[in-house]
> 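Okay, handing you the structure first.
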Amino acid sequence: MGLGFMVGVLGVLFLFHAAYSTIQYRGLLKIMEEEFSGPPMNVVLELLLGFVFCISAALTVPGNFLSIHPDSEENRIVSLSANLDFMIFNHRAKALPLETDMKLKH
């Protein structure tokens, strides 16, 4: 478990805590019979910090990008066997008309 993964976990915990704090704040406002106009500033900052942590973890945890160029030496071509058992010729395309030169009528 690397540093990026731990930052992601910390970001998720921040997000859950911000949600819990907002729910608790709304409950407090209901008791005091005041109207909810938005979460307090510390909850918004915690939400933004958790979002930044989650985004940074999402960008660092997956690893390095691999080349998609066909001439790259990193690419490995996986070929399927020429086994005819996996070829299916009885499928829904047989319901289509056989004539391919059909013209649209106006």
> How many angstroms lie between atom CG of Leu47 and atom CG of Asn42, to the nearest 0.5 angstrom?
11.5 Å
> Can you tell me how far the CG atom of Leu13 sits from the CE atom of Met6, to the nearest 0.5 Å?
9.0 Å
> One pair to check against side-chain contact (heavy atoms from CB on, under 4.5 Å): Phe36 and Thr22. What are the steps and the verdict?
CA-CA 10 Å; Phe36 180 74; Thr22 303; 4.3 Å; yes
> For Gly11 and Cys54, work out which heavy atoms get closest and say how close.
C-SG, 3.5 Å
> Same cluster for Phe14 and Leu59 if Ile/Leu/Val/Met/Phe/Trp/Tyr side chains link at under 4.5 Å?
no
> Measuring only between side-chain heavy atoms, which start at C-beta, is Phe5 closer than 4.5 Å to Val9?
yes
> Using 0.5 Å steps for rounding, measure from the CZ atom of Phe51 to the OG atom of Ser56.
10.5 Å
> Stepwise, does the side-chain contact (heavy atoms from CB on, under 4.5 Å) test hold for Tyr25 with Leu29?
CA-CA 6 Å; Tyr25 179 70; Leu29 288 179; 3.4 Å; yes
> Could you tell me which non-hydrogen atom of Ser21 sits nearest to which non-hydrogen atom of Glu46, and how far apart they are?
OG-OE1, 4.5 Å
> What distance do Glu35 atom CD and Arg26 atom CZ have between them, rounded to the nearest 0.5 Å?
10.5 Å
> Identify whether Leu3 and Phe53 are in the same connected component of the hydrophobic contact network (ILVMFWY, side-chain heavy atoms under 4.5 Å).
yes
> Which heavy atom in Val44 sits nearest to a heavy atom in Pro39, and how many Å separate them?
CG2-CG, 3.9 Å
